[in-house]
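Below: one structure, written as structure tokens.
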Protein chains: 2
Amino acid sequence: MAVDPEHVLRAAAALLTRKSTATMDEVAKAAGISRATLHRHFAGRDALVRALEALGIAECEAALDEARLDEGPASDAVRRLVGAIEPAAGLLAFLYTENQLFEGEEQNAGWATIDDRISALFRRGQLGGEFRIDLTPAWLTEALYGLMASGAWMVHSGKGAPKDFQHMIVELLLGGALRREES
Amino acid sequence: MAVDPEHVLRAAAALLTRKSTATMDEVAKAAGISRATLHRHFAGRDALVRALEALGIAECEAALDEARLDEGPASDAVRRLVGAIEPAAGLLAFLYTENQLFEGEEQNAGWATIDDRISALFRRGQLGGEFRIDLTPAWLTEALYGLMASGAWMVHSGKGAPKDFQHMIVELLLGGALRREES
DNA sequence: CCCGAATGAGACATCCATGTCTCATATGGT
DNA sequence: ACCATATGAGACATGGATGTCTCATTCGGG
């Protein structure tokens with residue numbers, strides 16, 4: 001009978017990714033539990049979103065670890081990062097829009113850490129001569145978020161295949177839309 | 001005494017861009033009118049958002065016209081487009097997230113027209129040999145939206161300057177993060 | 001100057017999500 | 001088998017936003 005909070009969070013994430021205004025009642029149904037039980041585990045919608053935020057941060061950190069950002073060419077690290085983060089892209093896209101509601105209030109410090117790690121990767125690429133230096137690491141990081149949200153949205157709306165997620169994002173982020181001279 | 005609906009829409013757009021959950025009361029205050037009057041002009045929050053959607057579409061169309069997408073190199077057209085659309089980026093970013101609430105219901109057909117015009121631009125660039133062909137026009141279009149949302153977010157949060165908006169987006173979208181060999 | 005129309009202020013009812021509570025039931029360990 | 005505990009179902013109160021209404025006031029044109 002014990003409810004698995006992890007499973008509840010996954011179900012909530014899956015639902016809220018699709019319908020960000022879903023009711024606590026809908027979330028409970030999606031998780032296969034009653035609203036009362038949902039409330040026993042997460043005291044209110046706010047707590048639920050915070051828990052989802054913590055989950056998203058944890059998955060991000062895990063993806064960052066898995067991608068081994070310090071190893072090899074920075075562009076390869078970016079490739080690994082996008083690939084590793086893909087399963088969490090939907091959740092992150094939800095949090096990305098939801099976080100803007102929290103503006104003004106205290107932000108979860110976890111995001112700053114993640115921002116820093118990703119920014120450091122781009123900076124490493126710049127220092128190593130791989131990446132151009134006229135685009136700031138902060139912008140490249142923000143752009144990566146935006147492209148992941150767009151990619152998640154495309155997959156979710158059926159306009160793109162999940163298998164193309166990594167390729168679409170990485171190729172555009174690193175290479176851009178212009179044809180390159182043969183190297 | 002006559003209220004200018006256009007001015008009300010502008011104020012609503014400016015407010016909702018910053019706080020997407022603003023109340024009808026807050027919108028009315030922001031527009032300098034009473035809630036009753038706001039209600040007389042826009043029958044409910046839904047109607048207001050629809051009107052904002054129409055405004056956003058109109059501004060997009062205007063930017064598309066102003067950018068003369070058919071003239072000259074496609075990359076220059078993209079540059080002009082981003083520059084022309086910058087003033088509306090905040091509103092578009094709001095609608096971009098708000099539209100997901102309407103999923104399932106009928107979408108405003110105006111977006112499809114805009115998608116088509118932008119996609120056509122990217123396709124033209126591909127056929128002309130300017131743009132790489134392994135990224136679909138649909139994805140490039142979606143990516144442009146995502147980057148504009150990220151750019152608007154960066155400017156809004158103070159992490160980036162408005163004057164860099166066009167440069168950041170265009171350079172990343174067209175050129176990517178990798179250093180190019182000297183051409 | 002006067003009258004009609006639009007506005008502002010506020011009261012009022014309503015709806016919806018939320019949060020809390022109770023009680024019966026089911027589960028799982030001892 | 002028994003008991004403690006967690007769950008499900010639903011009632012209930014609450015708060016916030018919305019939509020509607022009235023009435024006094026103000027503005028602007030004739």
Side-chain angles (χ1 to χ4, degrees), chain A residues 1-56 91 94-95 97-106 108, chain B residues 1-56 91 94-95 97-106 108:
Chain A
M1 79 225 248
V3 162
D4 179 17
E6 179 80 8
H7 163 254
V8 175
L9 278 182
R10 297 290 172 184
L15 174 60
L16 289 172
T17 290
R18 284 170 297 158
K19 186 183 176 187
S20 59
T21 59
T23 298
M24 292 293 277
D25 209 42
E26 297 174 288
V27 172
K29 279 197 181 67
I33 64 178
S34 73
R35 194 164 67 94
T37 301
L38 176 61
H39 244 279
R40 286 185 187 104
H41 287 271
F42 304 96
R45 184 193 186 78
D46 204 59
L48 177 64
V49 174
R50 298 287 179 178
L52 283 172
E53 189 178 31
L55 175 64
L91 173 58
F94 161 70
L95 293 172
T97 62
E98 195 77 2
N99 264 350
Q100 308 189 358
L101 303 182
F102 292 162
E103 61 180 272
E105 307 176 24
E106 76 288 347
N108 189 316
Chain B
M1 78 227 250
V3 161
D4 179 17
E6 179 81 8
H7 164 254
V8 175
L9 278 181
R10 297 289 170 184
L15 174 61
L16 289 171
T17 290
R18 282 172 298 157
K19 186 182 176 188
S20 59
T21 59
T23 298
M24 292 292 277
D25 209 42
E26 297 175 288
V27 172
K29 278 196 183 67
I33 63 177
S34 73
R35 197 166 67 94
T37 302
L38 175 60
H39 225 274
R40 286 184 187 106
H41 286 272
F42 303 97
R45 185 191 187 78
D46 204 59
L48 177 64
V49 174
R50 297 288 181 176
L52 282 173
E53 189 178 32
L55 176 64
L91 173 59
F94 161 70
L95 293 172
T97 62
E98 195 78 359
N99 264 348
Q100 308 187 1
L101 304 182
F102 294 160
E103 63 181 271
E105 309 177 22
E106 77 287 349
N108 189 318

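Just so it is clear: chains get the letters A, B, ... in the order the sequence lines come, proteins before strands, and each one is counted from 1.
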Supply the atom-to-atom distance A:Phe94 CZ to A:Glu53 CD, rounded to the nearest 0.5 angstrom. 9.5 Å

Rounded off to whole Å, could you give me the CG-to-P distance for the B:Leu48 and D:dA17 pair? 16 Å

For A:His7 and D:dT7, give me the distance from atom NE2 to atom P, rounded to whole Å. 13 Å

A:Ile33 CD1 - D:dA6 C1' separation (whole Å): 12 Å

Do the side-chain N or O atoms of B:Ser34 get closer than 4.0 angstrom to the phosphate oxygens (OP1, OP2) of C:dT7? no

Gap between atoms CZ and C1', on B:Phe42 and D:dT18 respectively (whole Å): 17 Å

What's the separation between atom CG in A:Leu9 and atom NE2 in A:His41, rounded to the nearest 0.5 Å? 10.5 Å

CZ/A:Arg10 to CG/A:Leu15 distance, rounded to the nearest 0.5 angstrom? 15.0 Å

5' precedence on DNA chain D between A:His41 and A:Arg35 (nearest-nucleotide basis): A:His41

Look at the side chain of B:His39 and decide which nucleotide, out of C:dG19, D:dC21, D:dG19, has an atom nearest to it. D:dG19

Options C:dA9, C:dT18, D:dG8, nucleotide nearest the side-chain atoms of B:Ala36: C:dA9

Just how far, in rounded Å, is C1' of D:dG15 from CZ of A:Arg45? 16 Å

Can you find a donor-acceptor pair, distance only, under 3.5 Å between A:Arg40 side chain and C:dG19 base? no

Measure CG/A:Leu38 against C1'/D:dA6 and give the value in whole Å, please. 15 Å

Rounded to whole angstrom units, what separation is found between the CG atom of B:Asp25 and the P atom of D:dG19? 12 Å

Are the side chain of B:Thr23 and the backbone of B:Glu26 linked by a donor-acceptor contact shorter than 3.5 Å? no

